[in-house]
Amino acid sequence: IFIMNSWVGRGKLSQGFALAISAPLLLNLPVSLHLLFEGQSWVEKLTSVYPGWPEVFFSANYCLAWAGSLVTLILSLYERKVVNLMERLVLTVLIGAVCFILIPLRAYLLIPEWFLEGQWDVMLTLTPR
């Protein structure tokens, strides 16, 4: 988020676009809060209820980190005038779409009850039922 805001200050990026790029990082907020207030017991409880959760968690974080790195690369390419504004927008949206598809798909394969039993709230809040 710091990197994105530094580009806003230099006039290279609009504030709205920087917020949109940083929004997926908010998906880690439930995890951070759970770890802060519940610690390892939360991890063990979630893993006992959903055995595929550790792999989904790792895959999702890896995917988000990968997307963040690629968006930073695209912004760097834009700053160096390798890509134009439209190409920057399209590439950024495509990266977001790939993550939006891959993370739930991986979760569906490893923890199908989140989808088949209507447990979407568990996937977003990470509070086991």
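Note that the structure is a prediction, hence the values are computed from the model and not measured.
- Contacts classified as salt bridge (charged side-chain N to carboxylate O under 4.0 Å, His left out) and involving residues 35-47 (residues at least two apart or in different chains) are not found.
- At a threshold of 4.5 Å between side-chain heavy atoms, the hydrophobic network of Ile, Leu, Val, Met, Phe, Trp and Tyr places L77 and W66 in one connected group.
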> F57 and V43: side-chain contact (heavy atoms from CB on, under 4.5 Å), yes or no, with the steps?
Replying inline: CA-CA 11 Å; F57 177 70; V43 174; over 6 Å; no
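- With sequence neighbours left out, the side chain to side chain donor-acceptor pair (under 3.5 Å) criterion links E117 to Q119.
- Considering only residues two or more places apart in sequence or on other chains, I101 meets the side chain to side chain contact (heavy atoms under 4.5 Å, CB included) condition with none of them.
- To the nearest 0.5 Å, atom CG of residue L105 and atom SG of residue C99 are 12.5 Å apart.
- One distance of note links CG of L89 with CE of M86; it measures 6.0 Å at 0.5 Å rounding.
- Contact of the L64 side chain with the I103 side chain is registered, since non-hydrogen atoms from C-beta on lie closer than 4.5 Å.
- Under the 4.5 Å side-chain heavy-atom criterion for ILVMFWY residues, no single connected hydrophobic cluster contains both L109 and Y62.
- Separating the CG atom in L110 from the OG atom in S59 is a distance of 6.5 Å, to the nearest 0.5 Å.
- Atom-to-atom distance recorded for L70:CG and S76:OG is 12.0 Å, nearest 0.5 angstrom.
- Linking ILVMFWY side-chain heavy atoms closer than 4.5 Å, directly or via other members, places V90 and V82 in a single hydrophobic cluster.
- Listed here is the closest heavy atom pair of P30 and T125: CB-O, 3.9 Å.
- By the 4.5 Å heavy-atom criterion applied to side chains, V122 and I111 are not counted as neighbours.
- Between T72 and L75, the closest side-chain pair of non-hydrogen atoms is not below 4.5 Å.
- Residue L94 is grouped with residue V71 when hydrophobic side chains (ILVMFWY) are merged at heavy-atom distances under 4.5 angstrom, including chains of intermediate members.
- Residue pairs meeting the ring-ring contact (aromatic ring centres under 6.0 Å, His included) criterion with at least one partner in residues 79-124, sequence neighbours excluded, are Y50-W114, Y108-F115, F115-W120.
- Aromatic ring orientation, H34 versus W42: parallel (interplanar angle below 30°, classes split at 30° and 60°).
- Annotation: side chain to side chain contact (heavy atoms under 4.5 Å, CB included) contacts of L85 (sequence neighbours excluded): Y78, R88.
- Pairs passing the salt bridge (charged side-chain N to carboxylate O under 4.0 Å, His left out) check and including a residue from residues 71-84, sequence neighbours excluded, read R10-E79.
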> Where do I74 and I95 land on the side-chain contact (heavy atoms from CB on, under 4.5 Å) test, with the steps shown first?
Replying inline: CA-CA 10 Å; I74 291 168; I95 290 169; 3.2 Å; yes
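- In terms of the side chain to side chain contact (heavy atoms under 4.5 Å, CB included) criterion, residue partners of L33 (sequence neighbours excluded) are, by chain and number, L29, F37.
- Under the side chain to side chain contact (heavy atoms under 4.5 Å, CB included) criterion, V49 pairs with P128, sequence neighbours left out.
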> Between E87 and N84, does a side-chain contact (heavy atoms from CB on, under 4.5 Å) hold up when you go through it step by step?
Replying inline: CA-CA 5 Å; E87 292 168 337; N84 64 31; 3.3 Å; yes
